[in-house]
Amino acid sequence: MKALYITNTLTRQKELFKPVNPGHVGMYVCGPTVYGDAHLGHARPGVTYDVLQKLFRHLGYKVRYVRNITDVGHLEHDADEGEDKIAKKARLEQLEPMEVVQTYTLRYHEAMRMLNVAPPSIEPRASGHIVEQIEAVKKILEAGYAYESNGSIYFDVQKYNADHKYGILSGRSLDDTLEGTRALDGQDDKRAPYDFAVWKKAEPQHIMRWPSPWGEGFPGWHLECSVMGEKYLGHEFDIHGGGMDLMFPHHECEIAQNVATRGTQGVHYWVHNNMITINGQKMGKSLGNFITLPELFSGNHPKLEQAYSPMTIRFFILQAHYRGTLDFSNEALQAAEKGLRRVMQAAKDLYTLAGAKAPQLAYGEYSDSVAPDSCPATNADVKKIWEGVYDALCDDMNTPIALSHIFDAVRIINTAKEKKLTLSKGDWDTLVQLFNDIVFGVFGLKDEGSESGKAMKTIDGLMQMVLEERAAAKAAKDWATSDKIRDALKALGISVKDGKDGAEWTLD
RNA sequence: GGUGCUUUGGCCGAGAGGUUAGGCACAGGUCUGCAAAACCUGCUAGAGCGGUUCAAUUCCGCUAGGCACCUCCA
């Protein structure tokens, strides 16, 4: 099994990945709060951790991937009038909160499906784990790290900090935290500004509420991930992922809660993806500069010059390292679109030239192909590509470098197609394996142009007829007719390219 | 104000103390009835000022700009 190195935010260093249980990976990722459509920013962790779990599987691990749905909590203000984001939206639209949750959960699933982000092994909801969260609050109280105040329970950060250290993940001291804390209204219930709620009393107008030993209320913002992570992955598990913006306070609080409830930090590797920016600024709800995924897919947004397909978005994300920011622009997405098209065309040619079949995996299905320890090919260039791809992926999941090697493979395939290069059977097999396992497997790309289905088969048959007519015209040097056919097809969105062995066609 | 990150060629984006990132765009060429595609070649950058070093875009310091978190946020 190949060794994988991954950057652990806890140490800020690339560390050799060592699983808690040999051969198994437990992975928890913070999912969305379902009160609106997912935007481009949400696509990043979706794709990033999808690739990571697929990489783990390809390296031979069994993976349990937990990604939650936040459908409760998350106060809009850290204040007494604190109204659940979901509850607020529900009131505006005169809907049941769970109706909003259901709508946007389904829409989120659909967006992820289009991005070919596999469904997680378990997708727990905060609202389905109220009992467990109440138990966790009790444990924190018993441990002496929380206090009750006016029906709410707050985590006593100062007390915790005295026994353990608060701020180990974000690298800030309690003083730093205090320094930046602004005077917010309605913090009277708290002993200190940096204390955070683990259980919040529900005001009369608050819709989402559950009975508890401390009255009616709802769980605090950070509790669900601690509780559900432990429930499904155990006291200690391997990977916890999420956006960098969640590092503080969300993940910091999670660690504190974990220590308070189970006596251990619980997570071995904290992995954080960076943000997607627009004009150099973070794309986010509060800034109002976000573009939702349905808008991207349809092109229906003033900032968009055109629609971008889900795979273009996926490729765009893959072309940057997950820990760096990635700037949105029409130019960048158009570049990604063309780059992707080039890879997909080469893939098609590869399967034809190698006499192999493209992988046919249903959505959410995984290949059981495991990466061999050494390259099976003999051709020096192919070998270099193969090794480059795996070295890059095992070095903190460096997808841009891995992709650059894939482009080298594209060049080799194209050269071979022009019969300027001859490859051995073993070399072809290696390239096929690389595309199967990495391009389609780990990267999770798919060819959007070749939708199979009855209609497509009909079109294909039709096109063969049309192209035969055109070939006949060409043979008779009737350029007017052959060009007329090509122009007419172009107008319909079908490109015809004349090759050495006859014409090819593609849908634009 | 506190903490941390960042500044790369026309654009997006990597790695590495000395050796080609890659993609897109652009220019020239090959092929082709033409076109497209493909292939070849070119474009060789790293905010500014200092320092370390035989050698720095890569390490260190300062200056300037940008960003993120500190409040819900992927």
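Throughout, protein chains are lettered first and strands after them, A, B, ... in sequence-line order, and every chain is numbered starting at 1. Side chains are part of it too, since the values below use all heavy atoms of this structure and drop only hydrogens, waters and symmetry mates.
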Expressed in whole Å, how much space separates the P atoms belonging to G10(B) and G2(B)? 36 Å
P atoms of A38(B) and A45(B), separation to the nearest Å: 27 Å
Under 4.0 angstrom, heavy atoms only, what part of the nucleic acid is Met283(A) near: base, sugar-phosphate, or nothing? base
Tell me whether the centres of the aromatic rings in His301(A) and Phe290(A) are closer together than 6.0 Å. no
Ring centres under 6.0 Å, that's the criterion: do Tyr160(A) and Phe155(A) meet it? yes
Searching all strands shown, indicate the nucleotide that pairs with C31(B) (Watson-Crick or G-U wobble; both distances under 3.5 Å). none
Nearest-angstrom distance, C1' atom, G17(B) to G65(B): 27 Å
Would you say the base of A35(B) and the side-chain of Arg486(A) have a donor-acceptor pair closer than 3.5 Å? yes
Paired nucleotide for A16(B) [Watson-Crick or G-U wobble; both distances under 3.5 Å]: none
Roughly how many Å is it from CG in Leu507(A) to C1' in A36(B), rounded to a whole number? 16 Å
Residues Arg67(A), Glu123(A): salt bridge by 4.0 Å N-O rule: yes
Classify Leu246(A) by what it touches in the nucleic acid, base, sugar-phosphate, or nothing, heavy-atom distance under 4.0 Å. sugar-phosphate
Starting at CG of Asp245(A) and ending at P of C67(B), how long is that distance when rounded to a whole Å? 17 Å
Establish, yes or no, whether the cationic atom of Lys201(A) lies under 6.0 Å from the six-membered ring centre of Phe218(A) and within 45° of the ring axis. no
Please measure how far the C1' atom in G13(B) lies from the corresponding atom in G46(B), and state the result in whole Å. 13 Å
Between C39(B), G33(B), C72(B), which nucleotide gets closest to the side-chain atoms of Ser482(A)? G33(B)
Tell me whether the OP1 or OP2 atom of G23(B) has a side-chain N or O from Arg411(A) closer than 4.0 Å. yes
Rounded to whole angstrom units, what separation is found between the NZ atom of Lys282(A) and the C1' atom of U71(B)? 11 Å
To the nearest Å, how far apart are Leu403(A) CG and G23(B) C1'? 9 Å
Under a 3.5 Å threshold, yes or no: a donor from one side chain and an acceptor from the other, between Tyr232(A) and His129(A)? yes
With nearest nucleotide decided by heavy atoms, which residue, Ala480(A) or Asp408(A), maps closer to the 5′ end of RNA chain B? Asp408(A)
Nearest of C34(B), C70(B), C39(B) to any side-chain atom of Lys420(A)? C39(B)
In Watson-Crick or G-U wobble terms, with both distances under 3.5 Å, the base opposite G42(B) is C26(B)
With heavy atoms under 4.0 Å as the rule, sort Val29(A) into base, sugar-phosphate or nothing. nothing
State yes or no: are the ring centers of Tyr269(A) and His240(A) separated by less than 6.0 Å? no
What's the shortest heavy-atom distance between Phe316(A) and Ala332(A), and which atoms? CE1-CB, 3.8 Å
Strictly by Watson-Crick or wobble contacts shorter than 3.5 Å, is anything paired with U3(B), and which nucleotide is it? A68(B)
OP1 or OP2 of C34(B) less than 4.0 angstrom from a side-chain nitrogen or oxygen of Lys477(A), does that happen here? no
Can Phe407(A) be called stacked on G23(B) when the rule is centres closer than 5.5 Å and an angle between planes below 30°? no
Grab the NE2-P distance between His272(A) and C5(B) for me, whole Å please. 15 Å
Every protein N/O within reach of nucleotides 9-19 of chain B N/O, cut-off under 3.5 Å:
residue, atom, partner, partner atom, Å
C11(B), O2', Glu331(A), OE1, 3.4
G13(B), OP1, Asp327(A), N, 2.8
G13(B), O2', Gln319(A), O, 3.4
A14(B), OP1, His321(A), N, 2.9

Pairwise C1' distance, A55(B) and A16(B) [rounded to whole Å]: 14 Å
Start with the C-alpha gap between Arg486(A) and Asp483(A), add the side-chain angles, then the distance that decides, and say whether salt bridge (Lys or Arg N to Asp or Glu O under 4.0 Å) holds. CA-CA 5 Å; Arg486(A) 188 173 62 194; Asp483(A) 287 355; 3.5 Å; yes
If we take the C1' atom in both C12(B) and U7(B), what is their distance in whole Å? 15 Å
For His251(A) together with Trp270(A), are the ring centres under 6.0 Å from each other? yes
Can you tell me how far C1' of A74(B) sits from CD1 of Ile313(A), to the nearest Å? 15 Å
Whole angstroms only, please: what is the CD-P distance between Gln334(A) and A25(B)? 10 Å
Using OP1 and OP2 only, check whether a side-chain N or O of Asn273(A) sits under 4.0 Å from A74(B). no
For a quick check, tell me whether the side chain of Asn274(A) and the base of C5(B) share a donor-acceptor pair closer than 3.5 Å. no
Just to be sure I understand the rule, does Ser495(A) reach a base, reach only the sugar-phosphate, or reach nothing, if contact means heavy atoms closer than 4.0 Å? nothing
Are any side-chain N or O atoms of His42(A) and backbone N or O atoms of His39(A), one a donor and one an acceptor, separated by less than 3.5 Å? yes
Provide the distance between the two C1' atoms, one in U6(B) and one in A47(B), to the nearest whole Å. 12 Å
Please report, rounded to the nearest Å, how far the P atom of C5(B) is from the CZ atom of Phe248(A). 17 Å
Would you measure the distance from the P atom in A64(B) across to the matching atom in A56(B) and give it in whole Å? 26 Å
Could you tell me if Thr48(A) and Asn273(A) have a donor-acceptor pair between their side chains, going purely by distance under 3.5 Å? no
Any strand, both distances under 3.5 Å, Watson-Crick or G-U wobble: C59(B) pairs with G51(B)
On RNA chain B, nearest-nucleotide positions of Ala336(A) versus Ser170(A): which is more 5'? Ser170(A)
Does OP1 or OP2 of A25(B) have a side-chain N or O of Lys338(A) closer than 4.0 Å? yes
Please work out whether G18(B) sits syn or anti, treating a glycosidic angle within 90° of 0 as syn. anti
So does Arg172(A) get a side-chain nitrogen or oxygen closer than 4.0 Å to the phosphate oxygens (OP1/OP2) of C70(B)? no
With a 4.0 Å cut-off on heavy atoms, is Met275(A) in touch with a base, just the backbone sugar-phosphate, or nothing at all? base
Select base, sugar-phosphate, or nothing to describe what Gly280(A) touches, counting heavy atoms under 4.0 Å on all strands. sugar-phosphate
Are OP1 or OP2 of A74(B) and a side-chain N or O of Arg67(A) less than 4.0 angstrom apart? no
